[in-house]
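Quick notes on the structure that follows.
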Amino acid sequence: MRAKDARVLLTGATGGIGKAAARALRAAGARVMLSARSPEALVDQANALRSGGDIPTWAAADLCNPQQVQQLAAEAASWRCNVVVHAAGVPAFGPLAGETPEHIASVVQANLVAPMLLTRALLPHLQRLPAAQVIYVGSVLGALALPGFSVYSATKFGLRGFAEGLRRELAHTGVLVQYLGPRSTRTAFNNADVEAYNRATGTAMDDVDIVGAALVRLLEEEQAERFLGFPERLGVRLNGIAPAAMDGSFRRHGKSLADLPSLQERTEP
Ligand SMILES: NC(=O)c1ccc[n+]([C@@H]2O[C@H](COP(=O)([O-])OP(=O)(O)OC[C@H]3O[C@@H](n4cnc5c(N)ncnc54)[C@H](OP(=O)(O)O)[C@@H]3O)[C@@H](O)[C@H]2O)c1
């Protein structure tokens with residue numbers, strides 16, 4: 001749909017990509033309801049987006065709390081949202097051996113279960129509309145997994161599978177389901193370890209405004225999915241055809257994991 005017809009519930013609105021998405025959506029004429037956990041950050045974000053007398057509405061919710069997910073869905077439905085952009089997410093990077101069971105479960109909950117539950121809670125409202133869109137902010141790593149990102153990639157591959165299945169399930173309705181796959185992007189999401197890994201492997205990092213602009217294009221052009229960056233798009237294609245044949249391309253990434261600054265600190269005498 002055209003951005004000026006969109007009333008967007010945006011999760012992760014206080015994050016690096018969320019802020020850029022909110023700016024780009026508003027600049028294109030969309031109305032936006034901002035959501036994240038921190039009310040203080042949401043007030044700041046709403047004020048930063050003020051334009052004349054127009055200030056976006058916001059609703060705080062912890063998406064890992066099922067009651068708060070229901071409450072957010074009810075608020076968004078009464079606000080008459082017709083687009084949901086799921087941009088909330090948490091990182092996970094490093095060798096699997098360094099992950100705790102609790103952290104793995106919390107990453108799966110935030111990146112995969114939470115967007116499923118929010119979508120489920122909003123579907124009755126969205127299906128009553130003549131046209132609605134649900135956009136998941138996934139990742140290139142949801143189609144091409146790299147050493148050090150096994151847990152994170154599992155959540156984003158899962159999200160992509162969920163989006164694909166739901167898109168086909170809802171094909172006879174007015175609800176379009178879409179997936180946006182940014183590549184590495186400069187936000188607080190990526191710690192010093194990820195930045196060192198990206199430098200060592202020659203992985204480019206995008207500015208957040210590239211992702212904001214791509215989100216608006218995806219909304220308006222109504223494609224099923226879009227991945228950002230080259231050679232990432234080519235990598236996604238090839239990996240989709242013959243993943244095992246790609247294994248040898250990531251030896252440098254595997255070696256870079258062993259050289260991470262935090263691992264070096266842990267092993268220093
Ligand atoms: N940065 C990258 O390199 C990159 C690349 C590809 C894809 N992505 C994806 O893009 C999305 C946004 O990433 P980002 O870089 O903008 O991250 P970010 O700056 O860390 O922002 C994360 C956002 O998610 C919210 N959030 C986290 N846990 C939440 C929870 N339990 N309930 C509600 N909100 C929660 C945070 O707000 P509060 O903490 O206040 O709740 C914040 O608004 C994520 O899904 C990420 O996987 C990022």
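Residues take their numbers from the sequence shown, with the count starting at 1. As the structure is a computational prediction, the values presented were derived from the model and not from experiment. In listed order, ligands and their atoms are each counted from 1.
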Please step through side-chain hydrogen bond (donor to acceptor under 3.5 Å, both in side chains) for the pair Q178 and Q133, ending with a clear verdict. CA-CA 7 Å; Q178 298 165 279; Q133 286 170 237; 2.8 Å; yes
Pick, from A92, G138, A87, G89, the option with the minimum heavy-atom distance to atom 11 (C) of ligand 1.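 Nearest option to atom 11 (C) of ligand 1, by heavy atoms: A87.
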Candidate with minimal heavy-atom separation from atom 35 (C) of ligand 1, of A88, S106, A13, G18: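 Answer by nearest heavy atom: A88.
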Would you say that [X] contacts [Y] through its side chain, given a criterion of any heavy-atom pair below 4.5 Å between the two side chains?
X: N190; Y: S184; answer: yes
X: R233; Y: V236; answer: no
X: L228; Y: L180; answer: yes
X: R217; Y: R226; answer: yes
X: D207; Y: T185; answer: no

Numbering as shown, the atoms of ligand 1 that approach [X] to under 4.0 Å (heavy-atom distance):
X: N190; result: 1 (N), 2 (C), 3 (O)
X: Y152; result: 7 (C), 8 (N), 9 (C), 46 (C), 47 (O)
X: S38; result: 40 (O)
X: T185; result: 1 (N), 2 (C), 3 (O), 5 (C)
X: A61; result: 32 (N), 33 (C)

Please tell me whether Y152 and F93 form a close aromatic pair, meaning their ring centres lie under 6.0 Å apart.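 Between F93 and Y152, which both carry aromatic rings, the centre distance is not below 6.0 Å.
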With a 6.0 Å cut-off on ring centres, are F250 and F149 close enough?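 When the ring centroids of F250 and F149 are compared, they turn out to be at least 6.0 Å apart.
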Measuring from [X]:[atom1] to [Y]:[atom2], what's the distance to the nearest 0.5 Å?
X: L146; Y: T201; atom1: CG; atom2: OG1; result: 8.0 Å
X: M33; Y: L10; atom1: CE; atom2: CG; result: 11.0 Å
X: R23; Y: L25; atom1: CZ; atom2: CG; result: 11.0 Å

Considering only protein heavy atoms, which is closest to [atom], and at what distance to one decimal place?
atom: atom 39 (O) of ligand 1; result: R37 NH2, 2.9 Å
atom: atom 23 (C) of ligand 1; result: G12 CA, 3.7 Å
atom: atom 6 (C) of ligand 1; result: P182 O, 3.5 Å
atom: atom 43 (O) of ligand 1; result: T14 OG1, 2.8 Å
atom: atom 5 (C) of ligand 1; result: R183 O, 3.3 Å
atom: atom 17 (O) of ligand 1; result: F189 CD1, 3.1 Å
atom: atom 45 (O) of ligand 1; result: K156 NZ, 3.0 Å
atom: atom 31 (N) of ligand 1; result: D62 OD1, 3.0 Å

Of the side chain and backbone of T187, name the one, both, or neither that has a heavy atom under 4.0 Å from an atom of ligand 1.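 Contact part for T187 vs ligand 1: side chain (C-beta onward).
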Classify the contact between V90 and ligand 1 as side chain, backbone, both or neither, using a heavy-atom distance cut-off of under 4.0 Å.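 The part of V90 near ligand 1 is the side chain, not the backbone.
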Does an N or O anywhere in [X] fall below 3.5 Å from an N or O of ligand 1?
X: G15; result: yes
X: I17; result: yes
X: L63; result: yes
X: S139; result: no
X: G16; result: yes

How close do A76 and L9 get, heavy atom to heavy atom, and via which atoms?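 So the minimum-distance heavy-atom pair works out to CB-CD2, 3.8 Å.
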Set out, in order, the CA-CA distance, both residues' side-chain angles and the distance that settles side-chain hydrogen bond (donor to acceptor under 3.5 Å, both in side chains) for E75 and Q71, then state yes or no. CA-CA 6 Å; E75 286 182 46; Q71 176 65 30; 3.2 Å; yes
Is it true that a side-chain atom of E222 and a backbone atom of M1 form a donor plus acceptor pair closer than 3.5 Å?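 At least one qualifying donor-acceptor pair exists.
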Give a yes/no verdict on whether any heavy atom in A110 is under 4.0 Å from an atom of ligand 1.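 No heavy atom of A110 comes that close to ligand 1.
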For S184, state whether at least one heavy atom is located under 4.0 Å from any atom of ligand 1.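 Yes; S184 lies near enough to ligand 1 that a heavy-atom distance drops under 4.0 Å.
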